[in-house]
Amino acid sequence: MSQTKFLLEESQMPRAWYNIQADLPKALPPVLHPGTLQPIGPADLEPLFPMDLIMQEVSTEREIEIPEPVREIYRLWRPAPLYRAHRLEKALGTPAKIFYKYEGVSPAGSHKPNTAVPQAFYNAAAGVKRLTTETGAGQWGTSLSFAGNIFGLEVLVFQVRVSFDQKPYRRAVMETYGARCLPSPSNETEYGRRVLAERPDHPGSLGIAISEAVELAAQRADTKYALGSVLNHVLMHQTIIGLESMQQMEMADAWPDVVVGCTGGGSNFAGIAFPFIGHALRGGARSRIVAVEPAACPSLTRGKYAYDFGDTGHMTPLTKMHTLGSQFTPPGFHAGGLRYHGMAPLVSHLKELGEIEAVAYTQGQCFEAGVLFARAEGIVPAPEANHAVKGAIEEALRCKREGKAETILFNLCGHGHFDMTAYQKYFAGELRDEAYDEKELAMALSGLPSVPEAA
Ligand SMILES: *Cc1c(COP(=O)(O)O)cnc(C)c1O
């Protein structure tokens, strides 16, 4: 029997993150000021982020050193293991070799601490006292609460109302780390009060929670905002996933023909994929790169590549991305981390350049794949991660049909221990595949801000 686990020594943990902006064949379209429609500069972002993170956002240097205090915290769970899924391969009867990188070993149970820790570090170093943020399913709020506590920062989390009500354990974890957690829309912000006045029982959305967190951060000099996905620096912090995976694939004497990840805002996908894309852009072996998204919130496969706001209250700058429209409310489904109207500008740009493929699956298809995976490999994936599992299984079944022994690598971005209600519903046959409302999508897309072509 060949090897199952590929483990790196602490001393082999990468010393720098990889910045794909250094290798892009065509630069990213500029970020625009929503009023003037002119490109914004670093100073425009200063009310929200510390300068170190802003400089990472716009940097075109290939490698950015990971500060030692961040590496010290990373070592609590990194390097993360890479597994060969022998038993899944057997269950599928595929000639393909399937590998997965497991990010569920972090204290929060997902990849998100990879960026929460450096974000808290750079904010604390800049003298910031308090961070505001939003959380949908709760993974990001948990991760920032953990990281903020380590670096002595107060953390205020706006949790989307439905998730606040449905996932009391997530909130309990955030409070254990010392954070304050409020349901969004809330009465603590002007925007929240406006939304509640229109609809007192509003279930909330990520776009609304972002508006609330941004509003508070913009008001106080000692308070900044932290985002768990989408932004360039966030995606860059996640590249430690792919950089470690490259070393581990070499240990396994293999190289992926296909790399698969799930996409909400794009960060864990970028984390595993960008180092491989960069390798190919610099003339190395090329892997197919597949993004898997939910059919109920299909920004990459059904959205428009256009300038849009990152939030519902229109307080953020405009970025060019695949978007379903900032007013689009996706139907309820059990992968809260994937319910966002937009996609990371870097992931969108690479999709337009033809470096990335995208597919969408329903939650029923993804839970079926996740249960098959759990029974073969033992780990119960997060509902978001089930999308990556489904994508990898589809590739393995294609290899079986075509009689090809390809190598598949996917990112198992988190475990599902806080999501067992969703699994219970799946087993009870109560998980419905909600389609989004085509009319609402058309309306949300018709409301995109108009930006002249040249931009
Ligand atoms: C937040 C989250 C996601 C979605 O965010 P990305 O930025 O697309 O990675 C996916 N999986 C898990 C486990 C998450 O916590």
Side-chain angles (χ1 to χ4, degrees), residues 80 100-116 119 133-147 157 159-160 163 167 170 173-174 206 209-210 226-242 260-274 290-294 297-300 303 310 321-322 330 333-348 350-351 356 358 360 363 366 370 373 379-391 410-419 422:
Y100 60 95
K101 177 74 166 170
Y102 185 42
E103 290 292 317
V105 291
S106 82
S110 76
H111 64 286
K112 291 213 170 73
N114 295 334
T115 184
Q119 288 195 48
T133 197
E134 72 291 327
T135 197
Q139 291 111 326
W140 171 241
T142 303
S143 303
L144 195 71
S145 302
F146 155 71
V157 182
Q159 184 169 12
V160 175
S163 143
K167 298 191 167 180
R170 277 284 176 198
V173 179
M174 291 184 244
L206 266 185
I210 295 175
L227 186 61
S229 185
V230 176
L231 299 176
N232 302 341
H233 67 268
V234 178
L235 273 54
M236 186 188 72
H237 297 156
Q238 295 295 351
T239 58
I240 192 161
I241 301 172
V260 181
C262 70
T263 47
S267 74
N268 89 83
F269 168 77
I272 194 144
F274 282 9
V290 181
V292 187
E293 63 181 9
C297 193
S299 53
L300 271 176
M321 60 182 174
H322 288 89
F333 61 93
H334 284 275
L338 307 184
R339 292 183 75 224
Y340 183 60
H341 69 271
M343 181 50 58
L346 272 171
V347 172
S348 289
L350 287 159
K351 170 87 170 23
I356 289 173
Q363 67 173 345
C366 294
F373 180 85
I379 298 170
V380 179
E384 292 85 0
N386 282 343
H387 291 72
V389 173
K390 171 68 178 170
F410 76 93
N411 192 25
L412 189 66
C413 49
H415 67 66
H417 296 179
F418 284 101
D419 303 285

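The structure displayed is predicted, hence computed values, not measured ones. All ligand and atom numbering here is 1-based and tracks the order in the structure. All heavy atoms count here, side chains included; hydrogens, waters and symmetry mates do not.
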Practice prompt. Enter the distance from Met321:CE to Leu346:CG here, rounded to the nearest 0.5 Å.
Written response: 13.0 Å

Item to complete: Please answer whether the main-chain N or O of Asn411 pairs with a side-chain N or O of Glu103 as donor and acceptor at a distance below 3.5 Å.
Response: no

Discussion item. Closer than 3.5 angstrom, by distance alone: can the side chain of Thr135 be matched with the main-chain N or O of Gly141 as a donor-acceptor pair?
Written reply: yes

Discussion item. Can a side-chain donor-acceptor contact be found between Ser348 and His322 if the only test is distance below 3.5 angstrom?
Written reply: yes

Worksheet item: Would Glu384 and Asn268 count as having a side-chain donor-acceptor pair, cut-off 3.5 Å?
Response: no

Discussion item. I'd like to check which ligand 1 atoms, numbered from 1 as shown, lie under 4.0 Å from a non-hydrogen atom of Gly266.
Written reply: 6 (P), 7 (O), 8 (O)

Worksheet item: Taking only heavy atoms of Glu384, which atoms of ligand 1 are found under 4.0 Å from at least one of them?
Response: 10 (C), 11 (N), 12 (C)

Worksheet item: Does Ser229 reach ligand 1 with a nitrogen or oxygen that is under 3.5 Å from one of the ligand's nitrogen or oxygen atoms?
Response: yes

Fill in: ligand 1 N/O within reach of Thr263 N/O, cut-off under 3.5 Å
no

Item to complete: Report the part of Leu338 in contact with ligand 1, treating N, CA, C, O as backbone and CB onward as side chain, heavy atoms under 4.0 Å; options are side chain, backbone, both, neither.
Response: side chain

Discussion item. Nearest non-hydrogen contact with atom 8 (O) of ligand 1 belongs to which option: Gly264, Ala108, Ala385?
Written reply: Gly264

Worksheet item: Considering only heavy atoms, which of Lys112, His387, Met343, Glu293 lies nearest to atom 2 (C) of ligand 1?
Response: Lys112

Practice prompt. Check the angle between the aromatic planes of His417 and His415 and answer parallel, tilted or perpendicular using the 30° and 60° thresholds.
Written response: tilted

Practice prompt. Looking only at protein heavy atoms, identify the closest one to atom 4 (C) of ligand 1 and say how far it is in Å.
Written response: Gly337 O, 3.2 Å

Worksheet entry | Residue from Leu338, Val290, Leu300 passing side chain to side chain contact (heavy atoms under 4.5 Å, CB included) with Thr263 | Leu300

Worksheet entry | Sub-4.0 Å heavy-atom approach of His111 to ligand 1 | yes

